[in-house]
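Remarks on the structure that follows.
Here the structure is a predicted model, which is why all the values come from computation and not from measurement. Read the numbers this way: they start at 1 and go in the same order the structure lists the ligands and their atoms. Only this structure's heavy atoms are used, side chains among them; waters, hydrogens and symmetry mates stay out.
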Amino acid sequence: MIPISEAIKIVLQQTPRLAEVELISLSDSRGRVLAEDIIADTDLPPFDRAQMDGYAVRASDVVNTPAQLRIVGESAAGAGWHHEMKTGEAVRIMTGAPVPTGADAVQQVELTQEIESGSVVEILNSVEAGRSIVRQADEIKSGETVLRAGEEISAAMIATLASFGYAQVKVGRRPRVAVMATGSELVDVDQKPARDQIRESNNYTIAAYASLSGAVVERLPLCGDDPDALKRQMTAASESCDVLITSGGVSMGVYDFTKAALKELGAEIFFERVSLRPGKPTVFGRLGKALVFGLPGNPVSVTVTFNLFARTALRAMQGATQTTLMKEQAVLARDVKGSADRESYLPAVLRTDEKGTLLANPLKWGGSSDFIAFAKATALINLPAGTRLINQGTPLTIVLLP
Ligand code: AMP
Ligand code: MG
C-alpha cells in the first residue's frame, strides 16, 4: 500500500505528454490547455482612452467653475478627433474614444451642460489632470506575455485571446479515453435490471469527469466478470486509446479478474493498492502504449480515484501546469471520523459562515456505494491517516471537485 502523494507522483512520472499540438478556433478553445504563450500584439489601450462619456478638457482651464469652453469637435469610439485641442477648448468625447492631444482630463457629462445651442460647454466641477483617461499601454505593453503555455483556457481568458488576435490558438491534443465497466451484475441504463442485476453508472460518471478534464471519451460495451472477455476488450481498447479506464473487479473477490487479466496480458503495473479511503484497490499500469487505470467498482470510489489519479494523467498529457485538483483550507463543520490506516477523501459541501470562514460540511453518507448522498458533493475533505475522531472547527485541507 503506497501513500496517495506517492501514487500521484508515479502517475506524473509515467504519463507522457502527448506530442501533438492542435490549432483550433478560439470559439472551441474553452477548457483546452494552451500550448503556446499568449503575447500582446498591441498596447492596451492602443491610445489614450476616455473612460467616460463627457468632455475632454485641460484641467488647468477648469480650476474655477463653472468654466465655459468652446466645443471644437467630437471624438467617438472608432472615430477620433485628431487635431490639437487648445486652451479654452473642449471636445465632446465618448467612452472608448481616443483623447485628443492637448487634453489631459475628461469631465463626465453629468457634471457639464451645453449652452449656446451646443457650441459652448459649461464645466460645472473642476477635474484633476488624468481624470477618466486610461493612458496608452497602461493595461499591457505590446510584446508582453499575458498567458502562459500550460494554462487551461477559461471563459474569463477568452477576451484576452480575442483582443490580441488569437482567432486560432495552439492547444494540447485531447487524450482519447476508453471507459469500460466490468461486472456480471451490470445492465445498461436503458434496461430494466432483472433479478440480481443493477444499472451501471460508472461509465457515465467517468465520461462526465473525463470530459471535464479535456478528454474525448469512448464508452466500451459492458464486460462481465469473465477473464477472456476482459482480456479481449482491454487489448482492443489499448490499441486505440491513450488511456483505458476500467471500473470494478480489482478487489479481493473470487470474481475480481481485472488485475489478473492485465497481468496476464503483460501489462506493467505501477501500483495496485493506495492508502486511500475510499479507493484502496486502485490499479495503475500500462498496457501496450495505453495507460490503464483500474478503478474500484463502487460509484463513490470511482469519482474519488478518477479525480485524484486519472484526471491528473489526462491533464499532464495535455501539458497542463496544474494537474491535480485545486486545494483550499476549510474548517470542519461537524465532527467526522478518519481512518486508522489510510488517508481519507470524504465528500463534502462547502459554505461560508457569517464571518467569511469557509466551512466544509461532510455529507452524511453510507459509504462508497452511496452515490445518492454523493450527488450533493462539491469538494472532498482530506483527512490524514491515523485520525480517529476529528472535531468540528478543525482546519483541514479540501480539494475542489471539478
Ligand atoms: P467491485 O469493485 O467489482 O467489487 O464492485 C463493487 C461494487 O460496485 C459492487 O456493488 C458493484 O455492483 C458496484 N459496481 C461495480 N461496477 C459498477 C458500475 N459500473 N456501475 C454501478 N455500480 C457498479
Ligand atoms: Mg465486480
Which atoms of ligand 1 are found less than 4.0 Å from any heavy atom of Gly248?
2 (O), 3 (O)

Under 3.5 Å between any N/O of Asn203 and any N/O of ligand 1: does that happen in this structure?
no

Atom 12 (O) of ligand 1: which protein heavy atom is closest, and how many Å away?
Glu185 OE2, 2.5 Å

Ranked by distance from atom 17 (C) of ligand 1, the top protein heavy atom is Asn202 ND2, 3.2 Å

Tell me which protein heavy atom sits closest to atom 19 (N) of ligand 1, plus the residue, atom name and distance to 0.1 Å.
Glu200 OE1, 2.8 Å

Give me the residue, atom name and distance of the protein heavy atom closest to atom 7 (C) of ligand 1.
Asn298 OD1, 3.4 Å

Under 4.0 Å between a side-chain nitrogen and a carboxylate oxygen: does that hold for Arg174 and Glu22?
no

Determine, using ring centers only, whether Phe271 and Phe309 are less than 6.0 Å apart.
yes

Closest heavy-atom approach to atom 14 (N) of ligand 1 among Pro299, Gly297, Ser201 is made by Gly297

Would you mind checking if Glu268 and Lys263 are paired as a salt bridge, meaning a charged N to carboxylate O distance below 4.0 Å?
no

Between ligand 1 and Gly249, can you find any atom pair, the residue atom being a heavy atom, that is separated by under 4.0 Å?
yes

Hey, what do you get for OG1 (Thr235) to CG (Leu262), rounding to the nearest 0.5 Å?
9.0 Å

Should you measure from each heavy atom of Ile198, which atoms of ligand 1 turn up under 4.0 Å away?
12 (O), 22 (N)

Taking Arg176's backbone N and O only, do any of them form a donor-acceptor pair with Asp242's side chain (distance below 3.5 Å, no angle check)?
yes

Regarding ligand 1, does Arg199 bring an N or O atom to under 3.5 Å of one of the ligand's N or O atoms?
no

Is the closest basic N to carboxylate O distance between Glu114 and Arg92 below 4.0 Å?
yes

For Ala181, the ligand 1 atoms whose distance to one of its heavy atoms is below 4.0 Å
19 (N)

Protein residue, atom and distance nearest to atom 4 (O) of ligand 1, heavy-atom basis
Asp256 OD1, 3.9 Å

Please find the pair of heavy atoms, one from Gly143 and one from Ile39, that lie closest to each other, and give the distance.
O-CG2, 3.5 Å

To the nearest 0.5 Å, what is the distance between SG on Cys223 and CZ on Phe257?
11.0 Å

